[in-house]
Amino acid sequence: MGLDATARFDARLNRPDQPLAEFVDGLRSTALGHYGAEPQPRFRIAGRFMGQRGPFAKLRDSAGQLQLYLRKGTIGATEEEQQRNDALIKLLHIGDFIGVQGYLFATQTGEVTLHVEALTFLGKSLRNLPIVKTDKEGNVYDAFTDPELRYRQRYVDLVVNPQVKDAFIKRTLMYNSMREYLNAKGYLEVETPILQPLYGGAAARPFKTHHNTLDMTLYLRIANELYLKRLIVGGFDGVYEFSKDFRNEGMSRFHNPEFTQIELYVAYKDYEWMMNLVEEMVEKVALDTNGTTVVQVGDQQIDFKRPWKRFTMYEAIEHYTGIDISEMSEAELRATAKQLHVPVDETMGKGKLIDEIFGEKCEAQLIQPTFITDYPVEMSPLAKKHRSKTGLVERFEAICNGKEICNSFSELNDPIDQRQRFEEQLELGKRGDDEAMVLDEDFLRALEYGMPPTAGLGIGMDRLAMIMTNSNSIQDVLFFPQMKAEQRAEEAES
RNA sequence: GACCUGGUAGCUCAGCUGGUAGAGCAUUUGACUUUUAAUCAAAGGGUCCCGGGUUCGAACCCCGGCCAGGUCACCA
């Protein structure tokens with residue numbers, strides 16, 4: 001909330017126009033009069049009353065805190081007003097919203113303080129805010145730290161732990177940065193259905209719901225890939241969407257049932273081209289959110305500066321295990337996995353075995369952003385077969401801090417091949433794989449009308465936000481992470 | 001889903017070997033118009049997560065459950 005030197009006092013009309021902290025910092029270097037000096041220009045401000053000690057009170061707004069000086073019997077133009085304000089001050093409670101007007105001075109210790117001459121009440125807090133206090137040595141007292149309360153009552157967390165906002169502000173900067181980058185290239189941000197009659201584009205269990213009027217089953221999307229490709233069929237050269245996706249699976253510090261991906265599809269391009277785009281875009285995102293390409297994540301410093309390391313999956317496995325598996329048969333792969341103590345079972349085919357070896361032996365060791373390319377075809381039913389390497393597809397993932405941050409391929413645009421891949425998925429489904437893809441006839445029909453060669457990309461925005469904000473849990477980059485219902489507390493309060 | 005840890009006042013926590021439920025902050029009242037986490041005095045505030053069991057007696061021990069965090073498993 002800004003302080004305004006000229007406007008007439010009516011705090012109910014206050015609008016945020018200048019962050020308080022910025023304003024106060026600006027004043028620290030100026031010579032303000034001490035208490036009793038000739039009054040300065042009048043300012044007005046509104047915010048939360050955060051406690052009082054004698055005549056000194058604290059007022060907080062979205063960006064900072066200002067000390068108020070409330071001298072009994074002096075606030076208001078008339079004696080009646082002054083008495084009313086003295087009574088109001090007695091009734092003020094931590095968390096109440098007030099508006100004040102007055103002039104600034106510096107206290108003996110140099111703190112910028114508003115000498116209040118007029119006061120208005122703006123909103124009541126009925127509940128006690130947990131008050132966090134910090135002393136000069138930086139020791140924190142009575143911190144609001146219970147993770148359950150912080151996540152269930154994020155509004156309280158944000159009020160009493162203002163630093164919590166930082167990660168969310170950075171998250172928005174990330175989105176802004178990507179939009180800016182993709183819009184500058186002329187790609188179109190679009191919206192596609194969240195309620196889908198068939199779920200597709202990924203391997204995951206969906207949430208299921210029902211439309212009453214249409215009397216039909218609908219699924220919350222697990223991905224939007226198949227819809228964006230339909231738009232490529234329709235003639236757009238580049239489309240992207242920040243897509244809230246839903247997967248009915250386990251939860252962990254990396255998994256929330258609803259999460260966000262950006263998906264991007266660009267016609268007449270391939271995965272090599274897309275790798276360059278990812279490097280360039282993510283480097284820009286790091287710069288725009290943190291001002292540097294180097295990001296501290298836990299004990300690691302991660303540098304997003306281009307170019308990133310590139311390994312084929314075979315090269316990565318050879319690099320970390322010393323074993324060249326590129327020419328191996330399924331039996332040899334199984335023996336190799338056992339030799340490396342990678343847990344495998346008899347149902348795993350060649351592709352799955354390779355994926356397991358990579359996941360166990362390589363992924364966690366890839367800390368700096370690294371592209372892994374050329375995946376086994378069995379794991380990638382929507383990716384185009386490799387132009388020269390049999391059994392592989394033109395696919396890459398970027399791994400960072402031991403976790404996948406993006407997935408991309410040259411999209412499969414051969415409708416006959418795509419139908420076969422779907423049918424293989426159907427077989428997997430019949431054998432009990434409840435994450436196997438379902439066959440989407442309408443999507444195949446779209447492909448049968450012809451799709452240009454296309455490069456596709458998905459980036460997990462939550463995972464990327466965790467890295468960019470040095471957050472240990474996805475819950476720290478989601479305002480309202482999914483929680484079980486708090487039945488007892490609800491009943492007790494109602 | 002498995003294992004570990006935790007759940008006591010609005011918040012942060014203590015509570016010994018099973019023996020009347022505690023502190024600080026916050027709140028209310030009074031005093032003080034002063035400072036820099038915490039002025040002084042007094043007061044109010046509890047389903048000790050829930051349900052059973054053992055016991056003369058349970059916040060504490062046992063059994064079952066709920067919720068959360070962590071680790072692992074799962075995870076395109």
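So you know, we letter chains A, B, ... as the sequences are listed, proteins then strands, and number each from 1.
With a 6.0 Å cutoff to the six-membered ring centre and a 45° limit on the axis angle, A:Lys403 counts as a cation-pi contact of A:Phe254. The cationic atom of A:Arg154 (NZ for Lys, CZ for Arg) does not lie both less than 6.0 Å from the six-membered ring centre of A:Phe479 and within 45° of the ring axis. Taking the ring axis of A:Tyr227 as reference, the NZ or CZ atom of A:Arg230 stays within 45° of it and closer than 6.0 Å to the ring centre.
Under the Watson-Crick or G-U wobble criterion, with both distances below 3.5 Å, B:rC3 is paired with B:rG70. Look at B:rC25: its Watson-Crick or wobble partner, with both distances under 3.5 angstrom, is B:rG10. For B:rG30, the paired base is B:rC40 (Watson-Crick or G-U wobble, both distances below 3.5 Å). Taking a pair to require two hydrogen-bonding distances under 3.5 Å in either a Watson-Crick or a G-U wobble arrangement, B:rG64 pairs with B:rC50. Across every strand in view, B:rG18 sits unpaired, with no contact that passes the Watson-Crick or G-U test at under 3.5 angstrom.
Using P as the reference atom, B:rU5 and B:rC56 are 31 Å apart when rounded to the nearest Å. Nucleotides B:rA43 and B:rU55, compared at atom P, are 41 Å apart to the nearest Å. Taking atom P on both B:rU29 and B:rG44, the two are 15 Å apart, rounded to the nearest angstrom. Separation of the C1' atoms belonging to B:rC25 and B:rA68 is 24 Å when rounded to the nearest angstrom. B:rC75 and B:rU17: their C1' atoms are spaced 48 Å apart (whole Å). A distance of about 12 Å separates the P atoms of B:rG65 and B:rG1, rounded to the whole Å. Nucleotides B:rC66 and B:rC50 have their P atoms positioned 15 Å apart, rounded to a whole Å. To the nearest whole angstrom, the two P atoms, one in B:rG46 and one in B:rC11, are 14 Å apart.
Within the 4.0 angstrom heavy-atom criterion, base atoms lie near A:Gln67. At a threshold of 4.0 angstrom between heavy atoms, the contacts of A:Pro55 include nucleobase atoms, whether or not backbone atoms are also involved. Residue contacts for A:Lys72: at a heavy-atom cut-off of 4.0 Å it reaches a base atom on one of the strands shown. Here A:Ala143 lies in heavy-atom contact (under 4.0 Å) with sugar-phosphate atoms only. A:Asp355 comes within 4.0 angstrom of no nucleic acid atom, judged by non-hydrogen atoms across all strands. Residue A:Met50 is out of contact with every strand shown, counting any heavy-atom pair closer than 4.0 Å. Residue contacts for A:Phe56: at a heavy-atom cut-off of 4.0 Å it reaches a base atom on one of the strands shown. Looking at heavy-atom distances under 4.0 Å, A:Arg247 makes no contact with the nucleic acid at all. A:Thr145 comes within 4.0 angstrom of the backbone, heavy atoms only, and of no base. Heavy atoms of A:Leu70 sit under 4.0 angstrom from at least one base atom. Base contact: A:Gln425 has a heavy atom under 4.0 Å from a base atom.
The A:Arg253 side chain lies nearest to B:rU71 when the options are B:rU71, B:rC74, B:rG69. Taking the side chain of A:His255 as heavy atoms from C-beta on, and the options B:rG69, B:rU34, B:rC75, the nearest nucleotide is B:rC75. Between B:rU36, B:rG69, B:rA76, one nucleotide has an atom nearer to the side chain of A:Ala203 than all others, and that is B:rA76. Here the nucleotide nearest the side chain of A:Ile94, chosen from B:rA38, B:rC67, B:rU27, is B:rU27. Residue A:Glu148 has its side chain nearest to B:rC67 when only B:rC67, B:rU36, B:rU34 are considered.
The interatomic distance linking A:Phe144 (CZ) with B:rC25 (C1') rounds to 15 Å, in whole Å. Rounded to an integer number of Å, the gap from CE of A:Met251 to P of B:rG1 is 12 Å. The distance from atom CG of A:Asp96 to atom P of B:rA26 is 15 Å, rounded to the nearest whole Å. Taking atom CG of A:Asn128 as the reference point, atom C1' of B:rU27 lies 5 Å away to the nearest angstrom. When rounded to the nearest whole Å, the span between CZ of A:Arg152 and P of B:rG7 equals 17 Å. Residue A:Arg150 contributes atom CZ, which lies 11 Å from atom P of B:rG70 at whole-angstrom precision. Going from atom OH of A:Tyr375 over to atom C1' of B:rA76 covers 9 Å, rounded to whole Å. Whole-Å rounding puts the A:Arg421 CZ to B:rA76 P distance at 17 Å.
Checking A:Pro147 against A:Gln52, the closest nucleotide of RNA chain B that is more toward the 5' end is the one next to A:Gln52. Heavy-atom nearest nucleotides on RNA chain B were determined for A:Arg463 and for A:Gly54, and the one closer to the 5' end corresponds to A:Gly54.
At the phosphate of B:rC11, neither OP1 nor OP2 sits under 4.0 Å from any side-chain N or O atom of A:Lys133. Here A:Arg205 does not reach the OP1 or OP2 of B:rC75: none of its side-chain N or O atoms lies under 4.0 Å away. Remark: A:Gln475 is in phosphate contact with B:rG69, judged by side-chain N or O atoms under 4.0 Å from OP1 or OP2.
Using a 4.0 Å cut-off between charged side-chain N and carboxylate O, A:Asp414 and A:Lys384 make no salt bridge. Taking 4.0 Å as the cut-off between side-chain N and carboxylate O, A:Lys389 and A:Asp374 count as a salt-bridged pair. A salt bridge does not link A:Lys350 with A:Glu378: every distance from a Lys NZ or Arg NE/NH1/NH2 to an Asp or Glu carboxylate oxygen is 4.0 Å or more. One finds a salt bridge joining A:Asp417 and A:Lys385 here, because a Lys/Arg side-chain nitrogen approaches an Asp/Glu carboxylate oxygen to under 4.0 Å.
Aromatic rings of A:Phe371 and A:Phe396 (six-membered ring for Trp) have centroids within the 6.0 Å cut-off, being under it. Annotation: A:Phe311 is in aromatic contact with A:His319 [ring centroid separation under 6.0 Å].
Scanning atom types as modelled, no donor and acceptor separated by under 3.5 angstrom connect the side chain of A:Glu111 and the base of B:rU35.
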